[in-house]
K.L.:
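Before I ask anything, let me first share the structure, which is written out below as structure tokens.
Numbers restart at 1 for each chain; the letters A, B, ... are given by sequence-line order, proteins then strands.
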Amino acid sequence: MRFSKAFIPTAKEAPSGAVLDSHIFLSRAGFVVQVASGLYNYLPLGKRVLKKIEAIINDEMQRCDAQEVELSFVTPAELWQESGRIEKFGKELLRFRDRKDNLFVLGPTHEEMMVNIVRNRVTSYKQLPLNLYQIKTKFRDEARPRFGLMRAREFVMKDGYSFHASNKDLDREFNAMEAAYKRILERLGLEFRIVEADSGAIGGSGSKELMVLANSGEDTLAVCDSCEYGANIEAAKRSPHREIPEAPEAEFNKFKTPGIKSIEDLASFFRVDPYYTLKTVVKRAIYEEGDEIVFFFLRGSDDLQEVKAVNAAGALDLVDVSEDEIKALGFIPGFIGPLDVKNVKCIFDNDLKDAEHMICGANEEDFHFVNVAMSVIEDAQFAELYEVKEADGCPHCSGTLSFTKGIEVGHIFKLGTTYSKALGAEFLNEKGQSVPFIMGTYGMGVSRLIAAVIEQHHDEKGCIWTPATAPYLVNVMVSNIKDDDQLQLGEKLYNRLRDAGVDVILDDRKERFGFKMKDAELIGFPFTVIVGKELQNGNVQILHRQTLEKSVVAKDKVFEAVMELIG
RNA sequence: CGGGAUGUAGCGCAGUCUGGUAGCGUAUCACGCUGGGGGUGUGGUGGUCGCUGGUUCGAGUCCAGUCAUCCCGACCA
């Protein structure tokens, strides 16, 4: 491609409201342009990057014998009613009616459609396993799209679904997909971490997220400093406490604690470590039908992890409860305790099993109990509720956990029979029994990957594409096209590289040196061959975008030098 | 969905408080000079000031409504 004919509208200024570097540079360098909230047009450069990433995904999927399909974007609402997700997905599902008044939704993910394709077509265990995927536009009517391509409403996702006759076979495929996803991200040149995750609304288990490490990431990850363990904070675990504070000595008793409502005040009032205080978090759990108040109890040294709490309560959502609502139930905020609680659901953190010497609210204004043993509570429901903290111990080794930020670019998990059961998709096993498919699902955000590459690879001048993702690997820049020698050499090199199959662009615009350099740096071609003043000495320069260093190469050896650079 | 802000030329912004002929930077067009870090001179093109209604002799400016976009939060396979 010749720059003089290319549609690459670069700009000095970022669109107003753009805050993320990837959003700023992808816009300024002419890769994408916003159409409406969460909707983007891909210009030629953006489309090239998209196709490069897709090609790598396709290549790795083929190595795994996953087969590409393409499902219709518009999907009948009946399928969503059948699986029960039309309510669960809520307003994110964009619904509309056709001329015959039939209800449709724009596909936000395609479990239903994929199961629909397979059911009644795959009818025997002999036809399994099967892994089908597509790379296609998805639409989710996000409440608040933001950060450019990072969280758009319309986006490109690779979504794959596998069908198995046994859990064992699902495990095998799951591991194969994890390995394939790892290779994809490695080939793209990204620094990433595979972490344990919550399965979210889609249901299932064995959930893992692929996180590109970047400070601007929306997810917080807990990662071990000495082993491979990493987890989204929503699912992160820790080792049992390594140093347990000295237990306070006291008889069971009720103490007057006027105005002592917070854990901090309580701990200093009794001069004990917060570890020995009982924290109560009150939430209203929302269920598919109805709602109720739930007390979550943790050690005072811990905080409630809401996603874990939602799962423990089996709720769709948890919302805050006002002090007045608590009082209306007959409890006093700041003095709630687990003893003799009736008519309110209580869930205890696992860490409180067998806990002793605890100080907790007495359910009476200005009173706390001391030296309470959790064992006195009958039929207590326990679950994991705590949120890990930095410096907690790794659950798998003797290492220590620290926090880092990540961009979720992939999510794989074992669905089991959730969807095949809901949609009645069954096959005959070896025993002649009709059983539901055991499924896995594997998603990767292709358009989000574009943003992730730039979030991880940019500087103050602009984008720094990795070799596998660059729209053009080499930019041959003619410094002054009015100089015949420069122009001729540039043309010659351009043609030679192009004939050799290199993704190359020739900057033959009638612009000044500085202007072209700024564009080259903003767009972020990995290598720019500068055919300019050095030509007087029989040389050209090669600008390495990553380091911004310029190397000098004899003009007769440029082709070989470039070929060697790009491997 | 709660809270906050902003809509003026292709893009980025000032002007609005205090009503009186639409501005700046950049981009763009023509011609000239220049040619190693977004160069420069001269002359142009380009706007029903988001939309609707109201107040006024007169509204970009004041009032009401509405739509859109962005930010914080809730939400997010």
K.L.:
According to the interplanar angle, ranging from 0 to 90°, do the rings of Y442(A) and F174(A) count as parallel (below 30°), tilted (30 to 60°) or perpendicular (above 60°)?
P.N.:
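Geometry flag for F174(A) against Y442(A): tilted rings.
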K.L.:
For U18(B), give the paired nucleotide (Watson-Crick: N1-N3 plus N6-O4 or O6-N4; G-U: N1-O2 and O6-N3; both under 3.5 Å), or none.
P.N.:
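Here U18(B) is not engaged in any pair, so there is no nucleotide opposite it.
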K.L.:
Do we count F513(A) as stacking onto G36(B) if the rule is ring centres under 5.5 Å and planes under 30°?
P.N.:
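Per 5.5 Å and 30° rule: yes, stacked.
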K.L.:
With RNA chain B as reference, determine whether G445(A) or I481(A) sits nearer its 5' end, using the nearest nucleotide of each.
P.N.:
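On the 5' side of the pair lies I481(A).
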K.L.:
Please tell me which of the listed nucleotides, G38(B), U69(B), G36(B), lies nearest to the side chain of K533(A)?
P.N.:
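In terms of side-chain proximity for K533(A), the closest of G38(B), U69(B), G36(B) is G36(B).
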K.L.:
Taking only the P atom of each, what is the distance from G46(B) to A5(B) in whole angstrom?
P.N.:
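Per the computed distance, 37 Å lies between those P atoms.
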K.L.:
If you look at every strand shown and take non-hydrogen atoms under 4.0 Å, does K138(A) touch a base, only sugar-phosphate, or nothing?
P.N.:
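K138(A): no heavy atom of the nucleic acid under 4.0 Å.
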K.L.:
Which base, if any, makes a Watson-Crick or G-U wobble pair with U40(B), both distances under 3.5 Å?
P.N.:
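Checking every strand shown, U40(B) finds its partner in G32(B), with both distances under 3.5 Å.
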K.L.:
Quick one: K283(A) NZ to C75(B) C1', roughly how many Å, whole number?
P.N.:
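In whole Å, C75(B) C1' and K283(A) NZ are 14 Å from each other.
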K.L.:
For atom C1', what is the distance between U21(B) and U48(B), given to the nearest Å?
P.N.:
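My reading of the C1' atoms in U21(B) and U48(B) gives 15 Å.
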K.L.:
Just say parallel, tilted or perpendicular for the rings of H458(A) and F25(A), cut-offs at 30° and 60°.
P.N.:
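It falls in the tilted class, 30° to 60°.
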K.L.:
Which nucleotide wins on minimum distance to the side chain of K12(A), given the candidates C1(B), G38(B), C13(B)?
P.N.:
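Within the option list, the nearest is G38(B).
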K.L.:
Heavy atoms only, 4.0 Å cut-off, all strands: where does Q34(A) land among base, sugar-phosphate and nothing?
P.N.:
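The residue Q34(A) makes sugar-phosphate contact but no base contact.
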K.L.:
For a quick test of reading the model: is some side-chain N or O of S37(A) closer than 4.0 Å to OP1 or OP2 of A68(B)?
P.N.:
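Looking at the OP1 and OP2 atoms of A68(B), neither is under 4.0 Å from any side-chain N or O of S37(A).
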K.L.:
What distance, rounded to whole Å, do you find between the two P atoms, one in U69(B) and one in A30(B)?
P.N.:
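Taking atom P in both U69(B) and A30(B), they lie 36 Å apart.
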K.L.:
Return no unless some side-chain N or O of R144(A) is found under 4.0 Å from OP1 or OP2 of U69(B).
P.N.:
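It does not, given that no N or O in the side chain of R144(A) lies less than 4.0 Å from OP1 or OP2 of U69(B).
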K.L.:
Please report whether the ring centroid of H164(A) lies less than 6.0 Å from that of F437(A).
P.N.:
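Not under 6.0 Å, so no.
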K.L.:
Tell me what R153(A) touches on the nucleic acid: a base, only sugar-phosphate, or nothing, going by heavy atoms under 4.0 Å.
P.N.:
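Nothing, no nucleic acid heavy atom in range.
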K.L.:
Is any side-chain N or O of E511(A) under 3.5 Å from a base N or O of G35(B), one able to act as donor and the other as acceptor?
P.N.:
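Donor-acceptor pair under 3.5 Å: no.
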K.L.:
Would you mind classifying the nucleic acid contact of E92(A) as base, sugar-phosphate or nothing, using non-hydrogen atoms under 4.0 angstrom?
P.N.:
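Answer is sugar-phosphate: E92(A) comes under 4.0 Å of backbone atoms only.
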K.L.:
What is the nucleic acid contact for E408(A), judged by heavy atoms within less than 4.0 Å: base, sugar-phosphate only, or nothing?
P.N.:
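Base contact.
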K.L.:
Of W465(A), F7(A), Y40(A), which meets ring-ring contact (aromatic ring centres under 6.0 Å, His included) against F31(A)?
P.N.:
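When W465(A), F7(A), Y40(A) are each tested with F31(A), the ring-ring contact (aromatic ring centres under 6.0 Å, His included) holds only for W465(A).
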K.L.:
E218(A) or F515(A): which one's nearest nucleotide on RNA chain B is closer to the 5' end?
P.N.:
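The residue mapped nearer the 5' terminus is F515(A).
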K.L.:
Checking base pairs now: Watson-Crick or wobble, both atom distances under 3.5 Å. What partners G60(B)?
P.N.:
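Paired with G60(B), as far as the under-3.5 Å criterion goes, is no nucleotide at all.
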K.L.:
Which nucleotide, G36(B), C75(B), G25(B), lies nearest any side-chain atom of R146(A)?
P.N.:
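For R146(A), the side-chain atoms sit closest to C75(B).
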K.L.:
Where the side chain of F147(A) is defined as all heavy atoms beyond and including C-beta, which of C71(B), G37(B), G35(B) is the nearest nucleotide?
P.N.:
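The listed nucleotide nearest to F147(A)'s side chain is C71(B).
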K.L.:
Between G32(B) and G23(B), how far apart are the two C1' atoms, rounded to whole Å?
P.N.:
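After rounding to an integer number of Å, I get 28 Å for this pair.
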K.L.:
Do N131(A) and E173(A) have side-chain atoms, one donor and one acceptor, less than 3.5 Å apart?
P.N.:
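Side chains of N131(A) and E173(A): pair found under 3.5 Å.
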K.L.:
If we call it a pair only when both distances are under 3.5 Å in a Watson-Crick or G-U wobble match, what pairs with C75(B)?
P.N.:
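Across all strands, not a single nucleotide pairs with C75(B).
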K.L.:
Under 4.0 Å between any heavy atoms, over every strand shown, what does P15(A) touch: base, sugar-phosphate, or nothing? Just pick one.
P.N.:
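Answer is sugar-phosphate: P15(A) comes under 4.0 Å of backbone atoms only.
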K.L.:
Rounding to an integer number of Å, can you tell me how far N480(A) CG sits from G36(B) P?
P.N.:
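Going from CG in N480(A) over to P in G36(B) covers 7 Å.
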K.L.:
Could you tell me if the side chain of V32(A) sits less than 4.5 Å from the side chain of N41(A), heavy atoms only?
P.N.:
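The answer is no; the side chains never approach within 4.5 Å.
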K.L.:
Looking for any heavy atom pair under 4.0 Å, which part of the strands does G532(A) touch: base, sugar-phosphate only, or nothing?
P.N.:
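Base: the residue G532(A), judged by heavy atoms under 4.0 Å, touches a nucleobase.
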K.L.:
Decide whether a cation-pi geometry holds between R153(A) and F139(A); the criteria are a distance under 6.0 Å from NZ or CZ to the six-membered ring centre and an angle within 45° of the ring axis.
P.N.:
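Negative - R153(A) is either too far from the ring of F139(A) or too far off its axis.
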K.L.:
Can you tell me how far P of G73(B) sits from CG of D320(A), to the nearest Å?
P.N.:
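Spelled out: CG on D320(A) to P on G73(B) is 15 Å.
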K.L.:
Rounded to whole Å, please give me the gap between CD in E142(A) and C1' in U69(B).
P.N.:
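Answer to the nearest Å: 17 Å.
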K.L.:
In whole angstroms, how far is the C1' atom of G35(B) from the NZ atom of K518(A)?
P.N.:
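Distance check: K518(A) NZ to G35(B) C1' gives 17 Å.
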K.L.:
Starting from P on G37(B), measure out to CD on E460(A) and report it in whole angstrom.
P.N.:
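In whole Å, G37(B) P and E460(A) CD are 18 Å from each other.
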K.L.:
Can you figure out which of G37(B), G36(B), C11(B) approaches the side chain of M517(A) most closely?
P.N.:
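Nucleotide nearest to M517(A)'s side chain: G37(B).
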K.L.:
So which nucleotide from C72(B), C75(B), G37(B) ends up closest to the side chain of K550(A)?
P.N.:
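Of the options given, the side chain of K550(A) lies nearest G37(B).
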K.L.:
Give a yes or no on whether a donor-acceptor pair under 3.5 Å exists between the nucleobase atoms of G36(B), that is its base, and the side chain of Q541(A).
P.N.:
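For Q541(A), whose side chain was compared with the base of G36(B), there is a donor-acceptor pair (under 3.5 Å).
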K.L.:
If I pick the C1' atom on C72(B) and the same atom on A14(B), what distance separates them, to the nearest angstrom?
P.N.:
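Pairwise C1' distance, A14(B) against C72(B), rounds to 27 Å.
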K.L.:
Using a heavy-atom cut-off of 4.0 Å across all strands, would you classify A14(A) as base, sugar-phosphate, or nothing?
P.N.:
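Sugar-phosphate: the residue A14(A), judged by heavy atoms under 4.0 Å, touches backbone atoms but no base.
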K.L.:
Is there a Watson-Crick or G-U wobble partner for G46(B) with both distances under 3.5 Å, and if so, which one is it?
P.N.:
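No nucleotide pairs with G46(B).
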K.L.:
Measure from the side-chain heavy atoms of S16(A) and tell me the nearest of C75(B), C71(B), G12(B).
P.N.:
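Closest nucleotide among those given: G12(B).
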K.L.:
Could you work out which one of G37(B), U34(B), G73(B) sits closest to the side chain of R512(A)?
P.N.:
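For the R512(A) side chain, the nearest candidate turns out to be U34(B).
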K.L.:
Could you let me know what G10(B) is paired to, Watson-Crick or G-U wobble, both distances under 3.5 Å, or none if it's on its own?
P.N.:
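Base-paired to U26(B).
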K.L.:
Tell me: CZ of R509(A) to C1' of G36(B), nearest whole Å?
P.N.:
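Taking atom C1' of G36(B) as the reference, CZ of R509(A) is at 15 Å.
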K.L.:
Should C70(B) form a Watson-Crick or G-U wobble pair with both distances under 3.5 Å, which nucleotide is its partner?
P.N.:
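With both distances under 3.5 Å, C70(B) matches G4(B).
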K.L.:
Under a 3.5 Å distance rule, please check whether S4(A) uses its side chain to pair with a backbone N or O of R509(A) as donor and acceptor.
P.N.:
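Checking the backbone N and O of R509(A) against the side chain of S4(A), no donor-acceptor pair under 3.5 Å is found.
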K.L.:
Please state how far atom NZ in K461(A) lies from atom P in G38(B), giving the value in whole angstrom units.
P.N.:
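Atom-to-atom, K461(A) to G38(B), this comes out as 10 Å.
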K.L.:
Which nucleotide wins on minimum distance to the side chain of A143(A), given the candidates G38(B), G35(B), C75(B)?
P.N.:
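The listed nucleotide nearest to A143(A)'s side chain is C75(B).
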K.L.:
Could you check whether D519(A) gets within reach of a base, just the sugar-phosphate, or nothing at all, counting any heavy atom under 4.0 Å?
P.N.:
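Base contact.
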K.L.:
Do H110(A) and Y161(A) make a side-chain contact, defined as non-hydrogen atoms from C-beta onward lying under 4.5 Å apart?
P.N.:
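They are in side-chain contact.
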